[in-house]
Chemist: 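Starting off with a structure, shown below.
All residue numbers refer to positions in the sequence shown, counting from 1. What you see is a predicted model; the values in this text were computed from it and never measured.
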Amino acid sequence: KWFYDIFLSIITVLSVSHADHNVYPSAGVLFVHVLEREYFKGEFPPYPKAGDSSNDPITFNTNLKGYPDRPGWLRYIQRTPHSDGVLYGSPASEHVGKPTIIEITAYNKRTFETARHNLVINIMSTEEFPLPYQAEFFIKNMNVEEMLASEVLGDFLGAVKNVWQPERLNAINITSALDRGGRVPLPINDLKEGVYVMVGADVQFSSCLREVETPQNQLRCSQEMEPVISCDKKFRAQFHIDWCKISLVDITKVVPVHSNRPDPGTGVLPDIGEYNPPSESLKNRDYFADFLITLAVPSAVAMVLFIILAYSMCCRREGVQKRNMQTPDIQLVHHSSIQKSTKELRSMSKNREISWPLSTLPVFHPVSGEVVPPIHPDSYETTSMLLMQTQTNLQNQIQIPQQQSSGK
């Protein structure tokens, strides 16, 4: 009997889609409208072969008439083209008295044909709603389309009524966890997205629902542990509730916040007279000053910098004579000998039948720095002389003077 009473108190609208069908949901109450594929199959031609079962993939597109999308309070979901579509949401009190026409377009992906019907939603007002005490539960093992089924939603409200014991109980809204920023679950172990279900009642929250507010359970929730709730076993058989995410709201104690919005006005600009466009005869503008600022001045600065750089690089060079005067003689002899040796090696590469290069002989005395004449004259044939023999003769001719002590 209590199960029958629940369905009498629930004002959740479940309807089958028809052309220009009218529904009458109540403000603040969950509205559900099922778009059944079986109904729209009659709008499309059957299979060419008789006896074949018709299982065409059909998708639905829903939008407010004259607009590209649905109203903000209305949501739509369809998992696969082979499942029914569902429109659901909770209209607010400001929508009362305004008929909402929803255009429903069905697409047959086999024949590429479409069928269109209108759903007229007439939102009614009621004095019993909204209910003053509202609780929002997060169910981890359900998807939103599974929770929207009348049997599943009725079982959940029956469990809540058994715990809460209210006189009137109603489902206010259902929201997918993905709409709250949740992650898409991995396709393993039959994981679900999770769904938030908000219910309202006319009596205070029961002690079981208040247990989550105790310091012990709050500490367990902060440590990501399951809180200890005595009435959890009444839900555990079918619904796995995350008690750390339960929300209990008493709207009678909520202080309304009024925002002072400016008057939007009529949207019509005030009359400021006729528009006077500028005259066709525009004044000539002198661009000579702009030319001086943008081109002449930077060019003059660049020319001055170029002159300074040219003077520093070309007019302040020391010259070869000044360099030789400031260079020691021993370094000049080294440099001259390197140049002579380089020339001899280049000439030897052209003709091998010449005398030994002077680069193999010392050109100055290692102590005094005096120039030492070569061992053999230029006319002397030394192409067959061994290099070791030449160096031996040089050692016999060159005697390095030794320093004598002052006493001898």
Chemist: Determine whether a donor-acceptor pair (N or O, by modelled atom type, separation under 3.5 Å) exists between the side chain of Gln238 and the backbone of Phe235.
Modeler: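 Not confirmed, Gln238 side chain does not pair with Phe235 backbone.
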Chemist: Could you go step by step and tell me if Leu292 and Phe288 meet the side chain to side chain contact (heavy atoms under 4.5 Å, CB included) rule?
Modeler: CA-CA 6 Å; Leu292 292 179; Phe288 182 73; 3.4 Å; yes
Chemist: With rounding to the nearest 0.5 Å, note down the distance linking CG in Asn170 to CG in Leu157.
Modeler: 8.0 Å
Chemist: Can you tell if the side chain of His33 reaches within under 4.5 Å of the side chain of Ile121, non-hydrogen atoms only?
Modeler: no
Chemist: Side chains of Arg75 and Asn173: closer than 4.5 Å at any heavy-atom pair?
Modeler: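 The answer is yes; the side chains approach within 4.5 Å.
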Chemist: What about the rings of His21 and Tyr39, do their centers lie closer together than 6.0 Å?
Modeler: no
Chemist: Checking side chain to side chain contact (heavy atoms under 4.5 Å, CB included) for the pair Arg70/Leu64: CA distance, chi angles, key distance, verdict?
Modeler: CA-CA 5 Å; Arg70 298 175 300 275; Leu64 183 64; 5.8 Å; no
Chemist: Report yes if some heavy atom in the side chain of Thr175 is under 4.5 Å from a heavy atom in the side chain of Met198; otherwise report no.
Modeler: no
Chemist: Taking the ring of Phe239 and the ring of Phe137, is the distance between their centroids below 6.0 Å?
Modeler: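 Centroid separation for Phe137 and Phe239: 6.0 Å or greater.
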Chemist: Would you say Ile58 and Lys41 make side-chain contact, with heavy atoms under 4.5 Å?
Modeler: yes
Chemist: Taking all non-hydrogen atoms of both residues into account, name the closest pair between Trp73 and Ile123 and its distance.
Modeler: CZ2-CD1, 4.0 Å
Chemist: Taking only residues two or more places apart in sequence or in another chain, which ones pass side chain to side chain contact (heavy atoms under 4.5 Å, CB included) with Thr114?
Modeler: Thr105, Tyr107
Chemist: Can you list the residues that meet the side chain to side chain contact (heavy atoms under 4.5 Å, CB included) rule with Gln339, with sequence neighbours excluded?
Modeler: His335
Chemist: Any idea which heavy atoms bring Ser26 and Pro91 closest together, and the distance?
Modeler: O-CG, 3.7 Å
Chemist: Under a 3.5 Å distance rule, please check whether Glu145 uses its side chain to pair with a backbone N or O of Arg79 as donor and acceptor.
Modeler: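 Pair absent, no side-chain N/O of Glu145 close to backbone of Arg79.
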Chemist: Is the backbone N or O of Val212 less than 3.5 Å from a side-chain atom of Gln218, with the two atoms forming a donor-acceptor pair by type?
Modeler: yes
Chemist: Is there a donor-acceptor contact under 3.5 Å from the side chain of Asn143 to the main chain of Val195?
Modeler: no
Chemist: Would you mind listing every side chain to side chain donor-acceptor pair (under 3.5 Å) that reaches into residues 83-99, with sequence neighbours excluded?
Modeler: Thr80-Ser83
Chemist: Listing request: all ring pair (Phe, Tyr, Trp, His ring centres under 6.0 Å) pairs with a residue in residues 172-204, at least two apart in sequence or in separate chains.
Modeler: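 The answer is Phe138-Tyr196.
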Chemist: For the side chain of Arg220 and the backbone of Glu226, is there at least one donor-acceptor N/O pair under 3.5 Å apart?
Modeler: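 Present.
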Chemist: How about Met142 and Val197: do any of their side-chain heavy atoms sit closer than 4.5 Å?
Modeler: no
Chemist: Do you see a donor-acceptor pair shorter than 3.5 Å between the side chains of Trp243 and Asn217?
Modeler: no
Chemist: Checking Ser222 side chain against Leu219 main chain: does a donor-acceptor pair fall under 3.5 Å?
Modeler: yes
Chemist: To the nearest 0.5 Å, tell me how far His82 NE2 sits from Arg37 CZ.
Modeler: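 Reported to 0.5 Å precision, the distance equals 6.5 Å.
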Chemist: I need the Ile251 CD1 to Leu131 CG distance, nearest 0.5 Å.
Modeler: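 Nearest 0.5 Å value for the CD1-CG distance: 7.5 Å.
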Chemist: Within the structure provided, determine whether His334 and Ile330 are in side-chain contact (heavy-atom separation under 4.5 Å).
Modeler: yes
Chemist: Identify the two heavy atoms, one from Thr100 and one from Pro71, that lie closest to each other, and give their separation to 0.1 Å.
Modeler: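 Residues Thr100 and Pro71, closest heavy atoms: CG2-CG, 3.8 Å.
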Chemist: First locate atom CG of Leu209, then atom OH of Tyr133, and finally report the distance between them rounded to the nearest 0.5 Å.
Modeler: 13.5 Å
Chemist: Let me confirm one number: the CD1-CG distance from Ile172 to Leu30, rounded to the nearest 0.5 Å.
Modeler: 9.5 Å
Chemist: Using atom types as modelled and distance alone, determine if a side-chain donor or acceptor of Ser336 lies under 3.5 Å from a backbone N or O of Leu332.
Modeler: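 Here the side-chain-to-backbone pair does not exist.
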Chemist: How close do Phe44 and Ala106 get, heavy atom to heavy atom, and via which atoms?
Modeler: CZ-O, 3.9 Å
Chemist: Verify side chain to side chain contact (heavy atoms under 4.5 Å, CB included) between Asn63 and Asp69, making sure each step is shown before the conclusion.
Modeler: CA-CA 4 Å; Asn63 62 280; Asp69 203 355; 5.7 Å; no
Chemist: Is any side-chain heavy atom of Gln78 closer than 4.5 Å to a side-chain heavy atom of Leu35?
Modeler: no
Chemist: Do other residues, nucleotides or ligands put more than 12 heavy atoms under 6.0 Å from the CG atom of Asp329?
Modeler: no
Chemist: Could Arg110 and Asp56 be called an ion pair, given the rule that one side-chain N must be under 4.0 Å from one carboxylate O?
Modeler: yes
Chemist: Test: disulfide (SG to SG under 2.5 Å). Region: residues 153-228. Which pairs qualify, not counting sequence neighbours?
Modeler: Cys208-Cys231, Cys221-Cys244
Chemist: For a 4.5 angstrom cut-off between non-hydrogen side-chain atoms, does Phe31 reach Leu74?
Modeler: yes
Chemist: Determine yes or no for a side-chain-to-main-chain donor-acceptor pair under 3.5 angstrom, with Ser341 supplying the side chain and Ile338 the backbone.
Modeler: no
Chemist: Working to the nearest 0.5 Å, report the span between CG of Asn122 and CG of Asn22.
Modeler: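 Reported to 0.5 Å precision, the distance equals 5.5 Å.
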Chemist: State which residues pass ring pair (Phe, Tyr, Trp, His ring centres under 6.0 Å) with Tyr76; sequence neighbours excluded, sorted by chain then number.
Modeler: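 Residues passing ring pair (Phe, Tyr, Trp, His ring centres under 6.0 Å) with Tyr76: none at all.
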